[in-house]
Q: 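Once you've had a glance at the structure underneath, I'll fire off some questions.
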Amino acid sequence: MPPDPAPAAARRAVSPLDHRIEAVTGHDVDTLWAYRDRGVLDAPHARLVDRHRELASAQTSVIFYRTLLHRLASGEFPVDNALLERIDRTVDQLEEAATAHDSAARRVLAALEPIEATAQREPPDGHDRLSAADQAALLSIAGGARVHAHLLTGRMSVPTASGTRIPYAHLQRLEAAGLVSRDVSHPVEAGQPVTLTEPGRSALASSRRHRPATAPAAPRPGTWPTSPTRPHR
C-alpha cells in the first residue's frame, strides 16, 4: 500500500456558517478574507474572519480524511492486516478532525453572534450608511494613500496605492466625519500618510450589512452536514 498521504492545500472549504456570515456582513467570504489581509476590517469582523479561517482549515481536514476513508473501503486495495490498520488509523484521524471542526465552529459562532445582534439593533433605514463614493474612497485609502501638496502651486491631491486619486475635498469630509486620519508629523510636500480610523473600519464593514436577506442556498458539495455523524469503532 502507498504511504499515508498528508492533507494538501486546496481551495477554501465551504462551511454551513458561510451563509450567515455573508448575510450579516453583506460581503461574500472570499471578499472578507481579502479585506482582512488588507487591514480594512474593524476588530470584531477581523476576529470573525480569523475564526472562520480556522474553521475552513478544519473543514479541509475532515473532507480529506473522509475521502481517504472512502478510498480505502472502495475495494482498490486487498483486504489484509495492513489495510485494516490503515482504516483504523484513518478513522482515528477523521474523529480528531471532526472534533477540531466542532471546536472551530463554536469559536466562529462566538464571534458571529455579537455581530448579528448588533445588526438587528441597527435601524434598517439608518442615515449614517456610507455612500457608494465614500465606500470606494475608504477602500482605496485602506490600501495606502497620502496627501501631497504641489511644490509650485500648493494644490492638494490624494493619490492612492491602487492608482486612483481622491478629491481633497472628499478627504476633508471623511476626516470631518472621523472616518480617516492623516499623519501630520510628515511634511505635506513629502506626503502625509492617510489611514482609516476605527470608526472608519466599522463603517466600511457595515456599509452593505442591510442588503435584503436571501433564502439559504441548497447545500453545496463538500459542505459539513448540520448534525454530523461521526464514525464509531
Side-chain angles (χ1 to χ4, degrees), residues 1-41 43-116 205 208-209 211 213-233:
M1 292 184 63
D4 287 356
R11 57 176 308 212
R12 179 183 65 80
V14 177
S15 85
L17 294 175
D18 286 9
H19 177 75
R20 285 176 61 177
I21 293 172
E22 292 172 352
V24 75
T25 63
H27 300 286
D28 63 69
V29 170
D30 291 329
T31 298
L32 288 171
W33 282 31
Y35 285 173
R36 177 68 176 101
D37 292 337
R38 293 172 57 185
V40 172
L41 302 178
H45 288 80
R47 184 163 50 251
L48 173 62
V49 172
D50 290 343
R51 299 292 83 79
H52 183 267
R53 280 177 162 162
E54 295 171 359
L55 176 60
S57 177
Q59 177 93 3
T60 299
S61 293
V62 168
I63 294 171
F64 172 81
Y65 289 115
R66 185 174 58 195
T67 302
L68 176 58
L69 185 60
H70 181 270
R71 181 189 175 198
L72 293 174
S74 67
E76 178 180 349
F77 304 105
V79 178
D80 53 18
N81 287 336
L83 175 63
L84 296 176
E85 290 175 2
R86 181 81 169 272
I87 291 175
D88 187 65
R89 184 166 59 250
T90 302
V91 168
D92 288 341
Q93 292 168 323
L94 177 59
E95 189 164 9
E96 291 174 2
T99 299
H101 174 278
D102 290 349
S103 297
R106 287 192 293 270
R107 291 193 294 271
V108 170
L109 286 172
L112 174 62
E113 288 172 350
I115 295 175
E116 290 178 326
R208 294 178 57 199
R209 181 178 293 158
R211 72 179 184 181
T214 56
R220 287 173 280 185
T223 57
W224 182 254
T226 303
S227 301
T229 302
R230 299 188 186 173
H232 295 285
R233 301 178 56 199

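Reckoned from all heavy atoms, side chains included, excluding hydrogens, waters and symmetry mates. All of these numbers come straight from a predicted model, not from anything done at the bench. Quick note: residue numbers are just sequence positions, from 1.
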Q: Compare every heavy atom of Phe77 with every heavy atom of Leu72, then report the nearest pair and how far apart it is.
A: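 The pair with the smallest heavy-atom distance is CD2-CE1, 3.9 Å.
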Q: Working note: Arg107 + Arg47, criterion side chain to side chain contact (heavy atoms under 4.5 Å, CB included); need CA distance, chi angles, decisive distance, verdict.
A: CA-CA 10 Å; Arg107 291 193 294 271; Arg47 184 163 50 251; over 6 Å; no
Q: Check whether any side-chain heavy atom of Tyr65 sits under 4.5 Å from a side-chain heavy atom of Glu96, and report yes or no.
A: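 Answer no - side chains too far apart.
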Q: Measure across Arg51 and Ala111 and return the closest heavy-atom pair with its distance rounded to 0.1 Å.
A: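 Scanning both residues completely, I find the closest heavy atoms to be CG-CB, 4.2 Å.
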Q: Is there a donor in the side chain of Ser103 and an acceptor in the side chain of Arg106, or the other way round, less than 3.5 Å apart?
A: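 Indeed, the side chains of Ser103 and Arg106 share at least one donor-acceptor pair under 3.5 Å.
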Q: Nearest 0.5 Å, what's the CG-CD1 distance between Asp28 and Ile21?
A: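 CD1 of Ile21 is found 11.5 Å from CG of Asp28.
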Q: Work out which heavy atom in Thr25 is nearest to a heavy atom in His45; give both atom names and the distance.
A: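 Heavy atoms only, the tightest pair is CG2-CD2, 3.8 Å.
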Q: Are Gln93 and Leu69 side-chain neighbours, meaning at least one heavy-atom pair lies under 4.5 Å?
A: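 No, too far: nothing below the 4.5 Å cut-off.
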Q: Which atom pair, heavy atoms only, marks the closest approach of Leu83 to Pro78?
A: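 Looking at all heavy atoms of both residues, the closest pair is CD2-O, 3.4 Å.
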Q: Do other residues, nucleotides or ligands put more than 12 heavy atoms under 6.0 Å from the CG atom of Asp37?
A: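 It does: Asp37 CG has more than 12 such atoms within range.
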Q: Tell me whether Asp30 is salt-bridged to Arg36, with the criterion being a basic N under 4.0 Å from an acidic carboxylate O.
A: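 Answer for the salt bridge query: no.
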Q: Taking Thr90 for its side chain and Arg86 for its backbone only, find out whether a donor-acceptor pair lies under 3.5 Å.
A: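 Yes.
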Q: For residues Val49 and Leu41, report the shortest heavy-atom separation together with the two atoms involved.
A: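 Minimum heavy-atom separation between Val49 and Leu41: CG2-CD1, 3.6 Å.
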Q: Could you tell me the separation between the CG atom of Leu55 and the CG atom of Asp50, rounded to the nearest 0.5 Å?
A: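 Separation between the atoms: 13.0 Å.
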Q: How many angstroms lie between atom CG of Leu94 and atom OG1 of Thr99, to the nearest 0.5 angstrom?
A: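 With rounding to 0.5 Å, CG (Leu94) is 9.5 Å from OG1 (Thr99).
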Q: Could you tell me the separation between the CZ atom of Arg89 and the CG atom of Leu68, rounded to the nearest 0.5 Å?
A: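 The CZ atom of Arg89 sits 9.0 Å away from the CG atom of Leu68.
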Q: Holding to side chain to side chain contact (heavy atoms under 4.5 Å, CB included), I want the full list of residues that pass it with Glu85, two or more places apart in sequence or in another chain.
A: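 Here no residue qualifies.
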Q: Any donor and acceptor pair, going by atom type alone, linking the side chain of Ser57 with main-chain N or O of Arg53 inside 3.5 Å?
A: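 Checked: no pair found.
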Q: Give a yes or no on whether the backbone of His101 and the side-chain of Gln59 come within a donor-acceptor separation of less than 3.5 Å.
A: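 No, Gln59 side chain to His101 backbone: no donor-acceptor pair under 3.5 Å.
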Q: Side chains of Glu22 and His27: closer than 4.5 Å at any heavy-atom pair?
A: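 No, every pair of side-chain atoms sits at 4.5 Å or beyond.
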